[in-house]
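In listed order, ligands and their atoms are each counted from 1. The first residue of the sequence shown is numbered 1, and numbering continues consecutively from there.
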Amino acid sequence: MGLKILGTGLYLPEKVVTNEDYTKIVETSDEWIVKRTGMKERRITGEPTWVMAKKAAENALENAGLSPLDIDLILCTTVTSDYITPSLACIVQGAIGAKNAVAFDINAACAAFVYALDMAHMYLANGYKRILIISAEALSKITDYTDRSTCVLFGDAAGACIVTSSEKKFASALGTDGTGANTLFARRPLNDIPFVEQADPQSVDHFPDVNRPGVLYMNGREVYKFAVSAMSHALKDACEKFGTSPEELDLIVPHQANLRIIQSAAKELGLPLERFFVNIDKYGNTSSACIPVGLAQLDAAGKLIPGKKIGLVGFGAGLVYGGCVFEL
Ligand code: UT7
């Protein structure tokens with residue numbers, strides 16, 4: 001059994017932040033950011049995450065021609081939930097009036113949309129009919145705007161996708177390496193929970209102030225190395241399970257962390273860069289929202305063509321990665 005996309009949606013805040021804007025708050029340049037990341041702009045908002053999620057969800061429902069009452073499961077992904085509890089999914093369920101839907105969140109950082117789609121696939125096999133996945137990220141809330149190595153990378157966005165079951169095939173490959181938990185993290189501002197000191201004490205030394213809760217820290221070089229191999233590994237693995245090869249994929253929507261990571265993965269897979277959807281120049285890294293926003297943009301452009309094979313691939317804090325392949 002596979003899955004079929006019934007509708008996609010997105011919400012992109014209006015406020016644009018350019019590379020030039022960062023030169024006013026940290027020591028950086030447009031040239032450095034473009035050359036090292038491919039980013040030129042991102043969007044930022046002061047809205048709560050649930051408001052962004054609601055807007056993307058309503059956009060997807062409208063595009064699918066469905067009522068909130070048609071949805072029987074809502075899966076939300078975010079690293080910037082407004083509440084510790086309840087889940088973002090519960091808040092959105094109430095806000096859009098999807099009273100027939102079960103709702104909960106999935107915590108898998110930038111790979112979470114792929115994890116959610118994989119979970120949706122299993123729930124569809126168990127009888128659920130129409131599943132709404134929403135990935136909403138207000139990364140500006142956890143960004144340290146004094147740290148030039150991270151603040152230029154992140155933006156805010158929400159993407160949504162409604163799926164149902166289909167006769168076509170779906171395959172996925174997910175993976176986790178928890179020993180890399182301290183290469184990319186944000187701690188809850190709760191109390192003195194000790195920092196996870198494992199695996200690589202060097203990566204703890206990398207951060208100037210790991211005890212400051214609530215903001216995102218990243219050892220960029222370590223995550224970069226992990227990302228390139230995780231991306232090609234996940235896609236190859238998902239293709240193998242599907243019974244195809246990366247060359248047979250018509251389109252790949254990758255997590256948008258760094259253009260150089262996408263270029264390196266394309267090279268490692270022996271694929272032309274044109275096969276990969278890229279919008280990193282406009283929106284930067286919006287964590288788990290990158291992939292569904294990409295899907296919604298492709299959908300709006302009429303590029304999600306039935307019969308084509310698509311690959312999605314993400315990686316992020318955990319460390320986690322996930323790839324999936326399905327026929328549209
Ligand atoms: O979605 C979650 C996953 N996140 C990622 O996958 C991000 C993965 N990592 C990356 O994309 C890259 O490692 C970065 C874009 C974060 C950094 O690029 P890099 O080429 O790995 O740079 P680097 O960390 O090796 O730093 C090179 C230099 C350093 O200066 P020195 O020590 O050589 O003097 C940095 O201090 O660049 C400096 N630098 C900057 N310079 C100007 C770091 N950030 C900036 C900046 N502007 N914004």
Side-chain angles (χ1 to χ4, degrees), residues 17-42 77-80 107-115 135 137-140 142-157 159 175-177 180-186 202-203 205-208 215-234 253-265 268 276 278-281 283-294 312-323:
V17 180
T18 64
N19 290 349
E20 204 54 38
D21 292 329
Y22 287 99
T23 64
K24 292 165 195 151
I25 54 169
V26 286
E27 203 179 319
T28 189
S29 65
D30 176 54
E31 193 200 351
W32 191 96
I33 301 171
V34 173
K35 197 166 149 213
R36 299 291 186 116
T37 71
M39 296 173 188
K40 293 178 182 164
E41 297 175 2
R42 336 83 198 109
T77 77
T78 186
V79 296
T80 56
N107 184 343
C110 305
F113 181 79
V114 179
Y115 278 60
S135 299
E137 307 279 13
L139 294 177
S140 59
I142 60 165
T143 297
D144 178 353
Y145 285 99
T146 64
D147 176 6
R148 68 174 181 175
S149 72
T150 54
C151 73
V152 301
L153 306 174
F154 301 112
D156 301 342
T176 299
D177 176 9
N182 53 16
T183 55
L184 172 54
F185 62 90
Q202 291 247 321
S203 79
D205 293 343
H206 176 85
F207 304 110
V215 293
L216 200 74
Y217 292 93
M218 179 170 67
N219 182 336
R221 278 183 219 178
E222 286 304 310
V223 180
Y224 191 106
K225 277 189 262 167
F226 167 79
V228 175
S229 78
M231 264 177 70
S232 51
H233 175 75
V253 184
H255 174 47
Q256 311 279 313
N258 189 320
L259 182 58
R260 289 188 295 137
I261 292 176
I262 300 173
Q263 285 165 335
S264 301
E268 217 165 291
F276 289 74
V278 174
N279 65 3
I280 195 166
D281 53 326
Y283 308 115
N285 181 347
T286 58
S287 189
S288 68
C290 288
I291 294 175
V293 164
L312 311 180
V313 62
F315 55 87
L319 295 165
V320 293
Y321 65 83

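- The shortest N or O to N or O distance between S29 and ligand 1 is not under 3.5 Å.
- Listed by number with element, the atoms of ligand 1 under 4.0 Å from a non-hydrogen atom of N258 are 10 (C), 11 (O), 12 (C), 15 (C).
- The ligand atoms of ligand 1 that sit less than 4.0 angstrom from a heavy atom of I261 are 6 (O), 8 (C).
- Heavy atoms of V26 found under 4.0 angstrom from ligand 1: none, in either backbone or side chain.
- Close approach to N285 involves these atoms of ligand 1, each under 4.0 Å from a residue heavy atom: 1 (O), 2 (C).
- For atom 18 (O) of ligand 1, the nearest non-hydrogen atom from the set E222, H255, R260 comes from R260.
- There is a protein heavy atom closer than 4.0 angstrom to atom 11 (O) of ligand 1.
- The aromatic rings of Y321 and F226 sit tilted relative to each other, their planes meeting at an angle between 30° and 60°.
- Side-chain atoms of Q256 and T286 include no donor-acceptor pair closer than 3.5 Å.
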- [ ] Just do the side-chain contact (heavy atoms from CB on, under 4.5 Å) check on S287 and C110 with the steps written out, would you?
- [x] CA-CA 4 Å; S287 189; C110 305; 3.3 Å; yes

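- Which of Y224, W32, Y22 comes nearest to atom 17 (C) of ligand 1 through a heavy atom is settled by distance: it is W32.
- Inside a 4.0 Å radius of atom 21 (O) of ligand 1 there is at least one protein heavy atom.
- The distance from ligand 1 to the heavy atoms of M218 drops below 4.0 Å at these ligand atoms: 4 (N), 5 (C), 7 (C).
- Polar contact with ligand 1: absent for T37 (N/O pair, distance under 3.5 Å).
- Panel note: side chain R42, backbone V17; a donor-acceptor pair is recorded below 3.5 Å.
- Using a 4.0 Å cut-off between heavy atoms, L184 contacts ligand 1 through its side chain alone, with no backbone atom that close.
- Considering backbone and side-chain N/O of F154, none are found under 3.5 Å from N/O of ligand 1.
- Close approach to C110 involves these atoms of ligand 1, each under 4.0 Å from a residue heavy atom: 1 (O), 2 (C).
- Proximity of a side-chain donor or acceptor of D156 to a complementary backbone N or O of L139 within less than 3.5 Å is detected.
- Atom CZ in R36 sits 12.0 Å away from atom CG in L153 (nearest 0.5 Å).
- Near V223, with a cut-off below 4.0 Å to any heavy atom, the atoms of ligand 1 are 3 (C), 4 (N), 5 (C), 6 (O).
- Proximity of T28 to ligand 1, defined as any heavy-atom pair under 4.0 Å, is shared by backbone and side chain alike.
- For E222 and T183, the side-chain atoms include no donor-acceptor pair closer than 3.5 Å.
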